[in-house]
Amino acid sequence: MDFRLSEDLLAMKETVREFVANEVEPHAMDIEREDRVPEDILDRSRRLGLFGLSIPEAYGGMGLDMVGKAAIFEELGKTINGYTTILGAHNGIGSVGIVAFGNEDQRRRYLPKMATGEWIGAFALTEPQAGSNAANLQTTAVRKGDRYILNGQKIYCTNAPIARVFTVMAVTDPAKGA
Ligand SMILES: Cc1cc2nc3c(=O)[nH]c(=O)nc-3n(C[C@H](O)[C@H](O)[C@H](O)COP(=O)(O)OP(=O)(O)OC[C@H]3O[C@@H](n4cnc5c(N)ncnc54)[C@H](O)[C@@H]3O)c2cc1C
């Protein structure tokens, strides 16, 4: 693995460092107190491309590899977790499932708007009785025509109040537990 950062990535890292220090960190205590990130900070994050880190360039993102994302998150991690986690969940579990396993129709439908941050992503695995033991999922997905009907209960879903796209873990064949 090549750990060297390109000139472009170093420049982006510096931009993010300044943004975090000058525009996010001064609001950290307000974010903590009010339990929400001001829309102008999210908008500025969108304009910096911070919602498209994992999404391939073909779908409007930056398509960074693990080293690139780690370099950017080194800077994002210097401020309050309530802000950083929005981007962490979106760029991680909230979008990489569609990048890696989505079909072309799903990628075209979701990724461009996720890359701009217009649509924020979330990932719903955990249930009251299924945390570490994810094999105990009770949520079901039953096919009806060209759709799946979901039934179940999810907890601890980061970004749930602000997300538009949810990757939901569910059992399609309860008899097999799969
Ligand atoms: C900040 C935050 C964000 C999160 N975001 C998401 C999200 O976006 N989407 C989502 O689906 N979930 C999310 N989660 C949930 C997280 O994935 C679960 O909390 C985690 O899987 C643990 O499940 P649990 O809380 O039910 O704890 P449990 O599974 O009940 O575990 C409790 C304790 O028992 C230990 N333990 C469990 N099983 C064993 C074992 N077999 N042997 C030894 N020790 C064991 C664990 O290590 C832990 O210390 C989030 C959690 C946090 C804290």
Side-chain angles (χ1 to χ4, degrees), residues 16 20 24-25 27-39 41-43 45-46 49-56 59 61-62 64-66 68-103 106-107 109-143 147-174 176-178:
V16 175
V20 164
V24 183
E25 187 56 15
H27 301 283
M29 282 304 106
D30 295 336
I31 292 171
E32 178 73 15
R33 228 182 344 261
E34 292 168 24
D35 202 18
R36 64 177 282 280
V37 176
E39 198 53 36
I41 291 182
L42 292 178
D43 269 345
S45 309
R46 290 180 176 103
L50 295 175
F51 283 89
L53 303 179
S54 303
I55 296 173
Y59 302 98
M62 288 190 194
L64 297 184
D65 60 12
M66 276 298 172
K69 277 199 282 186
I72 299 302
F73 271 93
E74 255 178 358
E75 304 306 328
L76 293 171
K78 291 177 181 169
T79 190
I80 186 134
N81 200 37
Y83 164 73
T84 309
T85 306
I86 291 176
L87 294 168
H90 173 90
N91 283 291
I93 53 181
S95 58
V96 293
I98 302 173
V99 172
F101 304 114
N103 60 34
Q106 291 166 328
R107 288 183 185 158
R109 197 159 3 133
Y110 298 114
L111 294 181
K113 287 191 170 163
M114 294 181 82
T116 61
E118 183 182 342
W119 288 357
I120 293 177
F123 177 85
L125 167 69
T126 307
E127 300 177 2
Q129 76 301 327
S132 307
N133 183 12
N136 196 30
L137 283 182
Q138 303 293 311
T139 296
T140 55
V142 175
R143 187 153 200 161
R147 288 163 194 265
Y148 280 94
I149 308 295
L150 285 169
N151 265 306
Q153 193 182 359
K154 296 291 180 180
I155 57 172
Y156 303 146
C157 180
T158 303
N159 287 349
I162 56 172
R164 167 80 183 249
V165 180
F166 291 75
T167 300
V168 180
M169 295 292 129
V171 175
T172 52
D173 188 346
K176 286 190 192 156

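Whatever order the structure lists ligands and atoms in, that order sets their numbers, starting from 1. Source: prediction; values computed, not measured.
- Around OH of Y110, the count of heavy atoms belonging to other residues, nucleotides or ligands within 6.0 Å does not exceed 12.
- The backbone N or O of N91 sits less than 3.5 Å from a side-chain atom of S54, completing a donor-acceptor pair.
- The single protein non-hydrogen atom nearest to atom 16 (C) of ligand 1 is T126 OG1, 3.7 Å, given as residue, atom name and distance.
- Expressed to the nearest 0.5 Å, how far CG of N159 lies from CG of L87 amounts to 8.5 Å.
- Residue N133 has no nitrogen or oxygen atom sitting less than 3.5 Å from a nitrogen or oxygen atom of ligand 1, judged on distance alone.
- Not one N or O of C157 is nearer than 3.5 Å to an N or O of ligand 1, by distance alone.
- Each of L50, N81, L42 was compared with I86 under the side-chain contact (heavy atoms from CB on, under 4.5 Å) criterion, and only L42 meets it.
- In terms of polar-atom proximity, L125 is counted as a contact of ligand 1, with an N or O under 3.5 Å from an N or O of the ligand.
- Of all the atoms in ligand 1, the ones that sit under 4.0 Å from a non-hydrogen atom of F123 are 7 (C), 8 (O), 9 (N), 10 (C), 11 (O).
- Without hydrogens or angle criteria, T116 side chain to E118 main chain gives a donor-acceptor distance under 3.5 Å.
- Within a 4.0 Å radius of atom 33 (C) of ligand 1, the protein has no heavy atom.
- When only non-hydrogen protein atoms are considered, atom 8 (O) of ligand 1 lies nearest to T158 N, 3.0 Å.
- Of the protein's heavy atoms, G131 CA, 3.2 Å lies nearest to atom 23 (O) of ligand 1.
- Within 6.0 Å of CG in N133 there are more than 12 heavy atoms belonging to other residues, nucleotides or ligands.
- Looking at atom 30 (O) of ligand 1, its nearest protein heavy atom turns out to be S132 OG, 5.0 Å.
- Using modelled atom types, one side-chain atom of H90 and one backbone atom of M114 make a donor-acceptor pair closer than 3.5 Å.
- T79 has its side chain out of reach of I31: every pair of non-hydrogen atoms, C-beta onward, lies at least 4.5 Å apart.
- Note that atom 10 (C) of ligand 1 has protein non-hydrogen atoms nearby, at separations under 4.0 angstrom.
- Closest to atom 6 (C) of ligand 1 among all protein heavy atoms lies Y156 O, 2.6 Å.
- For atom 3 (C) of ligand 1, a protein heavy-atom neighbour is found at a distance under 4.0 Å.
- Protein heavy atoms come within 4.0 Å of atom 50 (C) of ligand 1.
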